Protein chains: 2
Amino acid sequence: MSRRGRQAEAARNDLLLLEAAREVFTTQGFDAPVSAIARRAGVGMGSLYRRYRTKEELLQRLCLLAMERVVEVLEEALAAPDPWEGLAGYVRSCVGFRSGALGPVAGTIAVTDEMWRTSRTATGLAERLVARARDAGALRDDVTALDVSLLIEQFSRPAPGPDSDEQRHVRQRLLAIALDGLRAPGATPLPGPAPSATWYEGRWGTPP
Amino acid sequence: MSRRGRQAEAARNDLLLLEAAREVFTTQGFDAPVSAIARRAGVGMGSLYRRYRTKEELLQRLCLLAMERVVEVLEEALAAPDPWEGLAGYVRSCVGFRSGALGPVAGTIAVTDEMWRTSRTATGLAERLVARARDAGALRDDVTALDVSLLIEQFSRPAPGPDSDEQRHVRQRLLAIALDGLRAPGATPLPGPAPSATWYEGRWGTPP
DNA sequence: CCGTTGCGGAGCGCTGCGCTCCGTTATAGG
DNA sequence: CCTATAACGGAGCGCAGCGCTCCGCAACGG
């Protein structure tokens, strides 16, 4: 797998780069300077641009990786014995690595076919996860899978300044509140119609 | 009050400007170009810079106004007969005009004495409002006034792209979920310690 | 009729970005 | 041990887009 010497360093750098890119883009937004990513990864600009010919290419790779990670988390969540714990764990994980922050890169970058496919897989799994929780009576019945995705997105939204421990902790507290609000009974009905899937997908451009 | 001719136009422009600034800054962030505000207000750059000598001055004025508006809303909320409805209305209003989005301008601009005073007034009122709801048993007892402020801030956080009707509607749905989570009984306890007031204030710089 | 007042917006200077290029350094082969 | 090579870090180029200024012009007042 891993070779020696300079080539090993190259392989390591690639991982460092992707992780740094995730941290920087999800906490500072997509217009964060590429140099910030290189610095965070402890890597020169040269090494970065040898692997990704452009900033957009890096972003595409990153989005795809994030989507695949979401799919993984969804599969684990569906494997969980308790429907509610599965759903809650999924939401917490996604907010944890801020998958939602990469969602609305919409319009900024071109969407590859592979990204579309992975996105659809994720949507399908999320729908099953939500349906399972609702059928088990663990979830209020006026909330849709899309609502859950948008909740993740709202809680992934970056705050100004560095992402301190304090901020992460606050986010966990607030998320705990929101998750309690997702649980079932006696809740006040949600206002207006459920968000439409076409609007949600439309932000990414038109499907192929 | 309002004079005639050119002077009336000047007065009108001032209101247009402040409203446009609020919309642009809260939806696009503080590094939005000043020209965007002028365009949104339907006003030339000259008129803007005649009233506010610098972008920072405009931001300061805007923050102060937002804080005063929050104080107004808090007073109305405290006057509401039902403690829970008062609190919920306050949160909905603040998220409605996105007062929280101006909060973390921290460090970007200098904080005037008047801003500090208004901020303290708001904090005091918010604490009373939250205490009243908790004493009435309408609010889970592990949530603090600071948690509520941070919840408003999280939901005020701007999404990329223009602030469409669809987005506003989604935000209302998600907020309804979170508000249900704030209500009392049988909720899972919030993780970790409550956020500290000194950390919260510290983001604005050191008090005078 | 002209003086005055406030108007819009073109453009200046500059910051800070994406990206390139090159001198330097670590490794592999003879 | 020495040289050829591969990958490295980061200074700097060209440019986009910002804050802000300045000026020609339109609308009023006397």
Side-chain angles (χ1 to χ4, degrees), chain A residues 2-21 23-25 27-63 105 107-110 158 160-162, chain B residues 1-25 27-63 105 107-110 158 160-162:
Chain A
S2 87
R3 286 165 284 189
R4 283 171 306 165
R6 267 340 238 263
Q7 300 195 344
E9 183 177 3
R12 248 180 297 124
N13 277 351
D14 201 40
L15 291 180
L16 284 174
L17 230 36
L18 283 169
E19 178 56 18
E23 284 180 26
V24 170
F25 281 138
T27 58
Q28 318 210 38
F30 319 104
D31 39 9
V34 176
S35 61
I37 292 160
R39 200 177 329 117
R40 173 76 95 131
V43 150
M45 301 284 290
S47 307
L48 196 160
Y49 274 95
R50 203 169 308 109
R51 261 160 267 292
Y52 303 95
R53 276 170 303 183
T54 161
K55 184 181 185 178
E56 175 169 12
E57 198 173 304
L58 173 59
L59 257 173
Q60 286 176 324
R61 180 99 190 101
L62 193 64
C63 280
V105 78
T108 306
I109 63 172
Chain B
M1 186 72 201
S2 87
R3 286 166 285 189
R4 282 171 308 163
R6 272 330 241 267
Q7 301 196 344
E9 183 177 4
R12 248 180 298 124
N13 277 351
D14 201 38
L15 291 180
L16 285 174
L17 230 35
L18 284 169
E19 179 55 19
R22 195 193 56 79
E23 283 179 28
V24 170
F25 281 137
T27 58
Q28 320 210 39
F30 319 104
D31 39 10
V34 176
S35 61
I37 292 160
R39 201 178 327 116
R40 171 76 93 130
V43 150
M45 300 285 290
S47 307
L48 196 162
Y49 273 95
R50 202 169 309 109
R51 262 161 265 291
Y52 303 96
R53 276 169 303 182
T54 160
K55 184 181 186 179
E56 176 168 13
E57 197 173 306
L58 173 59
L59 259 173
Q60 287 175 324
R61 179 99 190 102
L62 194 63
C63 280
V105 78
T108 307
I109 62 172

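Chain naming here is simple, since letters A, B, ... match the order of the sequence lines and numbering starts at 1 in each. Keep in mind it's a predicted model, so treat the numbers as computed, not measured.
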**Separation of B/C63 SG from B/F30 CZ (nearest 0.5 Å)** =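 One gets 7.0 Å once the value is rounded to the nearest 0.5 Å.
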
**Message:** Nearest 0.5 Å, please: how far is CG in A/L62 from CD in A/E19?
**Reply:**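 Result: 9.0 Å between the selected atoms.
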
**Prompt:** Counting only side-chain N and O atoms of A/R50, is one of them less than 4.0 Å from OP1 or OP2 of D/dA7?
**Reply:**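 The answer is no; no side-chain N or O of A/R50 sits under 4.0 Å from OP1 or OP2.
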
**OP1 or OP2 of C/dG8 under 4.0 Å from side-chain N/O of B/S47** =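 Indeed, a polar side-chain atom of B/S47 lies that close.
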
What are the two closest heavy atoms between [X] and [Y], and how far apart are they?
| X | Y | value |
| --- | --- | --- |
| A/L17 | A/A41 | CD1-CB, 3.6 Å |
| B/R61 | B/L18 | CG-CD2, 4.0 Å |
| A/R40 | A/A20 | CG-CB, 3.6 Å |

Between [atom2] on [N] and [atom1] on [X], what's the gap in Å once rounded to a whole number?
| X | N | atom1 | atom2 | value |
| --- | --- | --- | --- | --- |
| A/D14 | D/dC8 | CG | C1' | 15 Å |
| A/L16 | D/dG9 | CG | P | 10 Å |
| A/E56 | C/dC17 | CD | C1' | 16 Å |
| A/I37 | C/dC17 | CD1 | P | 12 Å |
| A/R39 | C/dC17 | CZ | C1' | 13 Å |
| A/L59 | C/dG18 | CG | C1' | 13 Å |

**Message:** With side chain to side chain contact (heavy atoms under 4.5 Å, CB included) as the criterion, how do B/L58 and B/Y49 come out once you've worked through the C-alpha distance, each side chain's angles and the decisive distance to 0.1 Å?
**Reply:** CA-CA 9 Å; B/L58 173 59; B/Y49 273 95; over 6 Å; no

**Message:** Within the 4.0 Å limit for protein heavy atoms, which parts of nucleotides 12-19 of chain D are touched? Write it as a string from 5' to 3', B for base, S for sugar-phosphate only, - for none.
**Reply:** ------SS

